[in-house]
There are 4 protein chains.
Amino acid sequence: MHPSPRSEILHAAARAVAAHGFHGMSMRKLAQATGRSTASFYNYFPSKEAVLFAIQSEAFDVLLARARSLLGRFVEPEERLYAFVLNHVRYFASHDHVMRVLIQEATALAPPQRGLVRERKLAYFTLASELVSSVMPEGTPYAEVEKTTYCVFGVLNWIYGWYDPEQHGAPDGLARTIMHLVSGGLVERRTDDALLARVEAELSDHAAPALIADGEQEPIR
Amino acid sequence: MHPSPRSEILHAAARAVAAHGFHGMSMRKLAQATGRSTASFYNYFPSKEAVLFAIQSEAFDVLLARARSLLGRFVEPEERLYAFVLNHVRYFASHDHVMRVLIQEATALAPPQRGLVRERKLAYFTLASELVSSVMPEGTPYAEVEKTTYCVFGVLNWIYGWYDPEQHGAPDGLARTIMHLVSGGLVERRTDDALLARVEAELSDHAAPALIADGEQEPIR
Amino acid sequence: MHPSPRSEILHAAARAVAAHGFHGMSMRKLAQATGRSTASFYNYFPSKEAVLFAIQSEAFDVLLARARSLLGRFVEPEERLYAFVLNHVRYFASHDHVMRVLIQEATALAPPQRGLVRERKLAYFTLASELVSSVMPEGTPYAEVEKTTYCVFGVLNWIYGWYDPEQHGAPDGLARTIMHLVSGGLVERRTDDALLARVEAELSDHAAPALIADGEQEPIR
Amino acid sequence: MHPSPRSEILHAAARAVAAHGFHGMSMRKLAQATGRSTASFYNYFPSKEAVLFAIQSEAFDVLLARARSLLGRFVEPEERLYAFVLNHVRYFASHDHVMRVLIQEATALAPPQRGLVRERKLAYFTLASELVSSVMPEGTPYAEVEKTTYCVFGVLNWIYGWYDPEQHGAPDGLARTIMHLVSGGLVERRTDDALLARVEAELSDHAAPALIADGEQEPIR
DNA sequence: GATGAATGAGAATTCATTCAT
DNA sequence: GATGAATGAATTCTCATTCAT
């Protein structure tokens with residue numbers, strides 16, 4: 001009952017791409033990692049890009065299918081939102097290298113296939129934005145819902161950048177922290193716009209900084 | 001009053017790395033982009049890694065220095081937190097490719113230099129966590145503050161993944177959306193833990209999904 | 001019945017290294033010389049250093065194995081010494097470029113592999129020093145034997161610097177000149193020519209050895 | 001009382017060539033080793049080849065001039081031969097990297113300059129062959145004298161391959177070992193030690209010669 | 001005399017891919 | 001299906017040399 005070679009390759013590829021990036025992963029190393037000859041590889045995937053495409057599209061398929069199936073069990077908005085968060089967190093907690101590939105290599109695919117991944121991503125985003133909308137104050141304009149959804153995805157996507165179960169506890173605990181922040185914020189009270197305006201005004205003189213310090217640098221050699 | 005060649009190179013490199021990743025950027029293309037021969041390049045930076053290091057370390061230096069100088073103007077916790085957010089958003093709104101490099105290529109550097117970048121990153125994180133802590137309910141355990149700070153950075157770091165001023169309005173508006181989410185959450189009321197537990201229990205049968213769908217796939221060719 | 005590609009490469013490499021030194025030989029030129037593309041090369045040897053190592057270690061292996069097998073046929077010290085000289089001269093007379101590589105590029109290898117070559121060299125030297133010792137006056141201190149052995153190797157190793165069969169006669173004549181110098185010096189009695197002829201006759205069946213052992217080699221990668 | 005920059009460069013170059021071969025020495029590293037900029041280098045030598053030529057031709061000039069001056073002091077053949085050996089050994093004992101360059105890079109120069117070095121080498125060889133001839137049995141054919149002289153040079157040239165004063169004693173001791181081998185061989189009477197001591201005493205005033213003639217040189221360009 | 005900067009050529013090596021077996 | 005061998009193109013980086021200052 002081995003996993004299929006195809007699946008085995010996909011897993012190894014995800015790990016390699018996560019570790020070194022799409023360009024940093026080579027077919028050779030991939031072949032070595034799976035104990036196959038480089039040439040054998042092309043019996044399963046016609047090109048390096050095809051491997052990446054398979055990872056990304058199939059991962060989104062799984063993610064979306066699971067989310068949909070889970071949401072069928074809940075009616076109340078906050079429950080549904082949490083179910084979505086929990087699904088996302090659990091998936092990525094156990095497959096963080098896939099997460100990396102999904103996020104970091106979003107632009108590595110060329111147009112024809114890139115579009116197909118984007119479609120899946122959009123479906124997933126749309127689902128999330130509906131859930132976000134349903135818990136926000138009635139009448140919130142869509143533009144605000146959209147931006148807020150992106151922010152929520154920021155929280156969810158950044159997990160791979162820091163989360164370590166040994167250090168930060170089980171995935172469900174992480175999901176709760178996230179849900180707490182997303183639902184009630186840090187203070188359970190939205191910061192007053194007047195305060196925000198005050199700060200902005202105070203900083204109005206602060207021009208956008210130089211991209212990079214452009215002063216004297218010690219010469220090389 | 002030209003920018004120094006060194007600075008010009010750094011900017012072009014940041015753009016290239018952002019677009020294709022560190023491994024996807026080649027010294028050749030970089031040289032072409034700055035109108036120099038490949039060999040000339042090595043008069044300014046001794047290696048490709050040195051270019052990446054310069055971008056990352058100098059960007060963090062600028063970011064941290066600015067944040068510190070801004071915070072000197074405010075006393076109230078929420079004001080200070082917003083000043084931090086605003087500084088971050090403004091910097092990256094105008095230099096989104098630098099942001100990408102900072103985030104996506106965090107692991108591309110080898111140990112000696114990687115540590116130096118990590119130090120700077122830690123200083124920046126520590127500053128943020130103090131601000132987060134100061135607006136959270138008194139007595140929140142540090143572990144929770146830490147995780148929450150990471151979540152906040154998720155929101156801040158993901159900006160480059162979606163933010164487009166033309167579509168989503170000026171940076172200051174984005175900063176407000178973020179600050180609203182972070183301070184008051186979506187509903188200005190933390191979701192009840194009982195509800196969370198209910199959902200978790202309901203999903204307890206849902207094993208971690210296969211990394212990638214492992215079914216039959218149409219054969220290639 | 002072609003020679004193996006591996007062996008063909010090794011021969012061409014020895015010629016190139018002899019002509020231009022290790023640093024002066026380029027993989028490009030080597031590839032051209034063997035009618036292969038540069039990249040194809042790396043199917044046989046993983047690096048330039050590996051090529052040099054193969055030449056040096058395999059040449060010493062052949063040389064040492066032959067010397068040992070020859071010495072088994074003689075008992076008298078002077079005969080044994082001459083057999084050693086003759087073996088050395090014949091080998092290098094027919095493969096002078098290998099000799100050059102052995103001598104001129106002794107320091108081109110990096111520590112791990114360099115040590116392995118040094119071990120072989122030491123075994124060969126030790127064998128020679130025993131023979132030298134056995135013909136020197138009884139009681140000669142080892143320090144003197146050692147230095148004298150080095151001097152004998154000086155004579156033997158320098159052959160490639162000047163010897164041209166067309167101009168200086170057959171290898172066996174060269175071996176005699178060397179043996180005369182070594183045994184009796186410039187001004188004294190030399191080894192009896194009858195003895196020399198005896199040894200030569202005994203070795204007449206020993207064809208010039210393969211430049212480099214051309215047997216089975218462990219495959220790379 | 002600094003050495004001239006020219007001479008300093010020549011010394012550093014000899015060391016570098018000895019260590020890494022002519023192709024392995026780069027003008028850059030040479031410049032670094034002498035604390036100059038690469039460009040400054042070309043104020044002293046018009047090309048890399050010119051550096052090598054200067055080392056080789058000047059070294060031979062010094063060697064030959066010294067040998068000639070020494071030989072003027074002796075009449076007896078064996079004394080004269082030993083004086084030649086002693087001069088050679090002393091020179092190279094103190095300047096082993098020059099010796100390496102002379103021997104290992106004999107073919108690195110292109111035809112026009114290579115011939116000039118060869119001329120000097122021939123003069124040196126001819127001198128030696130006369131000395132060798134004068135101690136060999138009357139009537140030895142020139143072909144045999146020539147081959148024997150090459151063998152003697154083998155002994156002399158190989159010194160750099162093994163001689164270490166710490167381990168093998170002072171240069172004069174080495175010269176004796178060589179002279180013993182050359183005169184009486186391994187098994188026969190050697191040159192009387194009293195004779196050797198006489199020559200050494202006679203040359204005691206002859207300090208180790210400058211590595212390379214450090215006089216006025218015609219300016220380049 | 002000195003030097004920072006420039007550069008075409010070439011170094012070793014790796015790449016994704018193909019193909020005969 | 002598997003694979004050893006082949007390869008053109010690209011990789012990072014170094015080379016000797018030049019030249020304006």
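Residue numbers start from 1 in every chain, and the chains themselves are labelled A, B, ... in the order their sequence lines are given, proteins ahead of strands.
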Would you please name every residue forming a ring-ring contact (aromatic ring centres under 6.0 Å, His included) with B:Tyr160, sequence neighbours left out?
B:Trp158
Distance check needed: F:dC15 C1' versus D:His20 NE2, whole Å only.
16 Å
Within this structure, what is the CZ-to-P distance between A:Arg6 and F:dG1, rounded to whole angstrom?
13 Å
Let me know the distance between CZ of A:Phe41 and P of E:dT18, rounded to the nearest Å.
15 Å
Which string of ( ) [ ] | and . matches DNA chain F, if you list each base 5' to 3' and count Watson-Crick or G-U pairs only when both distances are under 3.5 Å?
.||||||||||||||||||||
Identify whether any heavy atom of B:Ser47 sits under 4.0 Å from a base atom; if not, whether one sits that close to sugar-phosphate; answer base, sugar-phosphate or nothing.
sugar-phosphate
Within the distance-only criterion (no hydrogens, no angle test), does the side chain of D:Lys48 pair as donor or acceptor with the backbone N or O of D:Phe22 below 3.5 angstrom?
yes
If you only use heavy atoms from C-beta on, which nucleotide in E:dA2, F:dT7, F:dT11 is closest to the side chain of D:Ser40?
E:dA2
On DNA chain F, nearest-nucleotide positions of B:His23 versus C:Arg36: which is more 5'?
C:Arg36
Trace of the side-chain hydrogen bond (donor to acceptor under 3.5 Å, both in side chains) decision for B:Ser7 with B:Ser4:
CA-CA 5 Å; B:Ser7 157; B:Ser4 73; 4.5 Å; no
Once you apply a heavy-atom cut-off of 4.0 Å, does B:Arg28 come out as touching a base, just sugar-phosphate, or nothing?
base
Take atom OH of A:Tyr42 and atom P of E:dT17, then tell me their distance rounded to the nearest Å.
4 Å
Nearest-0.5 Å distance, CD of residue B:Gln56 to CD1 of residue B:Ile103
10.5 Å
Rounded to whole angstroms, how far apart are CZ on D:Phe45 and C1' on E:dG1?
15 Å
Choosing from E:dG4, E:dT13, F:dT14, which nucleotide comes nearest the side chain of D:Ser37?
E:dG4
Would one find more than 12 heavy atoms of other residues, nucleotides or ligands at under 6.0 Å from atom NE2 of D:His20?
no
Within the structure, does a side-chain N or O atom of A:Lys29 lie under 4.0 Å from either OP1 or OP2 of E:dC15?
yes
Expressed as a whole number of angstroms, how long is the span from D:Glu49:CD to F:dT17:P?
8 Å
Please give, in whole Å, the distance from F:dT11 C1' to B:Gln32 CD?
14 Å
Is there side-chain contact between C:Arg120 and C:Asp61, with at least one heavy-atom pair below 4.5 Å?
yes
Mind checking what makes side chain to side chain contact (heavy atoms under 4.5 Å, CB included) contact with D:Arg118, not counting sequence neighbours?
D:Arg114
Scan A:Ser26 against the nucleic acid and name what it touches under 4.0 Å (heavy atoms): base, sugar-phosphate only, or nothing.
sugar-phosphate
Nearest whole Å is fine: how far is F:dA9 P from A:Met27 CE?
20 Å
Picking from F:dT12, E:dG4, F:dA6, which would you name as closest to the side chain of C:Tyr44?
F:dA6
Comparing D:Gly35 with B:Ala39, nearest DNA chain E nucleotide closer to 5' gives the residue D:Gly35
